[in-house]
Number of protein chains: 2
Amino acid sequence: MKQKDVKIPEATIKRLSTYINCLEKLDGDGYQVVSSDLLGESCQVSPAQIRKDLSYFGEFGVRGVGYGTRSLAEQIKKILGLDHIWTTVLVGVGHLGQALLNFTAFRQHGFRIVGAFDADPAKIGTVVSDGVVIEPVSALDDTIHREQAGIGIITVPAANAQETADLLVEGGITGILNFAPIKVRVPENITLRNVSILSELDNLAYLLSNRTRRRSRKKS
Amino acid sequence: MKQKDVKIPEATIKRLSTYINCLEKLDGDGYQVVSSDLLGESCQVSPAQIRKDLSYFGEFGVRGVGYGTRSLAEQIKKILGLDHIWTTVLVGVGHLGQALLNFTAFRQHGFRIVGAFDADPAKIGTVVSDGVVIEPVSALDDTIHREQAGIGIITVPAANAQETADLLVEGGITGILNFAPIKVRVPENITLRNVSILSELDNLAYLLSNRTRRRSRKKS
DNA sequence: TTCATATTGTGATAAGAATCACGCAACCGG
DNA sequence: CCGGTTGCGTGATTCTTATCACAATATGAA
Ligand SMILES: NC(=O)c1ccc[n+]([C@@H]2O[C@H](COP(=O)([O-])OP(=O)(O)OC[C@H]3O[C@@H](n4cnc5c(N)ncnc54)[C@H](O)[C@@H]3O)[C@@H](O)[C@H]2O)c1
Ligand SMILES: NC(=O)c1ccc[n+]([C@@H]2O[C@H](COP(=O)([O-])OP(=O)(O)OC[C@H]3O[C@@H](n4cnc5c(N)ncnc54)[C@H](O)[C@@H]3O)[C@@H](O)[C@H]2O)c1
């Protein structure tokens, strides 16, 4: 992976993630080699787009032949940094937090949740998934250090998201995935991503409200 | 709302959704009028971007003054089609499905989940949230018609996502929000959006893996 | 070996989105 | 009621992303 130092579009990174899924599906279907055409068909991206995306990072295919299904998936995982375990903590074990803690695909993608924290005293001590016990927020710092956690997931109510982010940063986390519908602020050196499920639904509502006279776009 | 018939960037729609959140927060903080500058500060978008986004749909502000906080929020809701109730059904009441069923903000944004469906016989009949009882998938068609549901949410395992989408379409749903990590196929006239939490985490992993030598972008 | 075929990798081009910069409208203080 | 100030709306510009089209390279058959 030689990663030319041109800027990589964010959209490219998003697609790489989906390529992995499609490649694994195709691998399961028995394809040992896939062309950009076939892969594009499978994940609804144009073949040229796939080749361009990959070309940012190097050459992974064989001209006239295609890409090794399994090996390309591995390469992409390496590009995305999924070739090693990301130790993760989650704060706010409510409805969404519970769901994420039980989301087995995380583990398969290399994310291991090693700590779950909540402010509600009644929840402390509860076992939430294999081996993980809910701890008080006061234990965040210790656990982050002991487990060398690098990623923090925020699933507390919006009103408490900023303070939670602050605690995570203070504890030494370098990346945050925030599910609260609010823009939390973090220092320059912290990487933050927001997941807004509500805005996806809003988007759907908009599309449905304006179906008449719409160009035939087939994005996502 | 006059909606000039130029194409609206998808990114604009996504931002409109966040503007609503920020406006409601600012309203709560006592601002009756906000400038694009203040709003931009609050939701981390440039003032020019905000004005441009709004200009696609008309003129909502007063020159030299700003925007009425409450009224702008209302206008945006109208633009997004959030000025009426969207009747919704959810298929797959597992960990994630449970979380979504208990997500109160849905209701506040105008989405009402009127039906929950699962293939597991053991779950049928369970009450999941105020008044909603888990029904068998065979009841999908009836419920969609009876409740005039327009949106379907898919939270079944990836392997069952396509068949679920087919059922929803068959039942008369026109919009689908899919949480399964697979590209389901739907007819032209159905609006589909995919939510990929995993790919957000993958993205985070990528950013963390490549922190050295990175341009100072402050996107989401 | 040589030709026909498949399919990659990428520079050139087109399309799309964000930013700039400035005209103009509204308010305010004197 | 006038001049100064604020801050919106938007055409022009710049920056970013996607698409195109084709040279380059591997394979396999004759
Ligand atoms: N439920 C969903 O499907 C869903 C979907 C999208 C986004 N979200 C967002 O995720 C967040 C959580 O949603 P939820 O439905 O799980 O809410 P919830 O009320 O079920 O859970 C919130 C949990 O956070 C804990 N908590 C509160 N303050 C805390 C603090 N300061 N430190 C640690 N823990 C704290 C509470 O005790 C509770 O267990 C919200 O911001 C919500 O907007 C939820
Ligand atoms: N759990 C998460 O946090 C999370 C996050 C992102 C995406 N997802 C995705 O959401 C989906 C569900 O995840 P989950 O963790 O809730 O899984 P889960 O196994 O807890 O729940 C799946 C539910 O779907 C039901 N089901 C299975 N086949 C069905 C069918 N054909 N029709 C109706 N119901 C059916 C099952 O009985 C079960 O109740 C998966 O595709 C997963 O990849 C989950």
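Given the structure is predicted, the values throughout are model-derived calculations rather than measurements. Residue numbers start from 1 in every chain, and the chains themselves are labelled A, B, ... in the order their sequence lines are given, proteins ahead of strands.
- If you measure from atom CZ of A/Phe57 to atom C1' of C/dT8, you get 18 Å, rounded to the nearest angstrom.
- Atom CG in A/Leu54 sits roughly 16 Å away from atom C1' in D/dT19 (whole-Å rounding).
- Considering B/Leu38, B/Ile50, B/Leu39 as possible partners of B/Cys22, the one that fulfils the side-chain contact (heavy atoms from CB on, under 4.5 Å) test is B/Leu39.
- The nearest pair of heavy atoms linking B/Asn178 to B/Ala161 is OD1-CB, 4.4 Å.
- Summary for the helix from C/dT1-D/dA30 to C/dG30-D/dC1: the axes at its two ends, each from 5 pairs, differ by 10° when rounded to the nearest 10 degrees.
- Side-chain atoms of A/Thr69 do not come within 3.5 Å of backbone N or O of A/Asp27 as any donor-acceptor pair.
- In the set D/dC20, D/dC22, D/dG9, D/dC22 carries the atom at the smallest distance from any side-chain atom of A/Arg51.
- Here the side chain of B/Ser35 is nearest to one of D/dG7, D/dT17, C/dA17, namely D/dG7.
- Between B/Gln49 and C/dA17, a side-chain N or O to OP1/OP2 separation shorter than 4.0 Å is absent.
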Inset, instruction - List the steps, then state whether side chain to side chain contact (heavy atoms under 4.5 Å, CB included) holds for A/Leu100 with A/Phe106. - result: CA-CA 8 Å; A/Leu100 294 175; A/Phe106 276 170; 3.9 Å; yes
Inset, instruction - Starting from the C-alpha separation in whole Å, work towards a yes-or-no answer on side chain to side chain contact (heavy atoms under 4.5 Å, CB included) for A/Leu16 and A/Phe57. - result: CA-CA 11 Å; A/Leu16 287 180; A/Phe57 301 96; 3.6 Å; yes
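- For A/Arg15, a side-chain nitrogen or oxygen approaches OP1 or OP2 of D/dA18 to under 4.0 Å.
- For the residue pair A/Asn102/A/Ser129, the side-chain donor-acceptor check at 3.5 Å is not satisfied.
- Checked against D/dT19, C/dA17, C/dG9, the side chain of A/Tyr67 finds its nearest nucleotide in C/dG9.
- The main-chain N or O of B/Gly150 is never found under 3.5 Å from a side-chain atom of B/Thr88 such that the two would form a donor-acceptor pair.
- Looking only at side-chain heavy atoms (C-beta outward), A/Pro187 and A/Val169 come within less than 4.5 Å of each other.
- For the pair A/Ile13 CD1 and D/dA18 P, the interatomic distance rounds to 11 Å; values are reported in whole Å.
- A straight line from CD of A/Glu59 to P of D/dA24 spans 14 Å, rounded to a whole angstrom.
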Inset, instruction - Check the pair A/Leu23 / A/Ile76 against side chain to side chain contact (heavy atoms under 4.5 Å, CB included), numbers first and verdict last. - result: CA-CA 10 Å; A/Leu23 285 167; A/Ile76 295 178; 3.9 Å; yes
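- When the nearest nucleotides of DNA chain D are assigned to B/Ser36 and A/Lys52 by heavy-atom distance, the more 5′-ward of the two goes with B/Ser36.
- In this structure, A/Gln44 atom CD and D/dA18 atom P are separated by 16 Å, rounded to whole Å.
- Looking at B/Glu147 and B/Arg112, no side-chain N of the basic residue comes within less than 4.0 Å of a carboxylate O on the acidic one, giving no salt bridge.
- To the nearest 0.5 Å, the span separating NE2 on B/His84 from NZ on B/Lys78 amounts to 11.5 Å.
- In this structure, CD1 of B/Ile8 is placed 12 Å from C1' of C/dA17, rounded to the nearest angstrom.
- Atoms OG1 and CG, on B/Thr191 and B/Leu177 in that order, are 11.5 Å from each other to the nearest 0.5 Å.
- The side chain of A/Pro9 approaches D/dA18 more closely than any other nucleotide in the set C/dC20, D/dA18, D/dG9.
- Note: CD (A/Glu41) to P (C/dT7) measures 14 Å, nearest angstrom.
- Between B/Gln75 atom CD and D/dC8 atom P there is a gap of 15 Å when expressed in whole angstrom units.
- Contact annotation: B/Tyr56 does not reach the phosphate of C/dA18 (side-chain N/O to OP1 or OP2, under 4.0 Å).
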Legend entry - Where protein sits on nucleotides 25-30 of chain D, one letter per nucleotide: B base, S sugar-phosphate only, - none, heavy atoms under 4.0 Å: BSS---
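- Less than 4.0 Å separates DNA chain C from no heavy atom of any residue of residues 20-31 of chain B.
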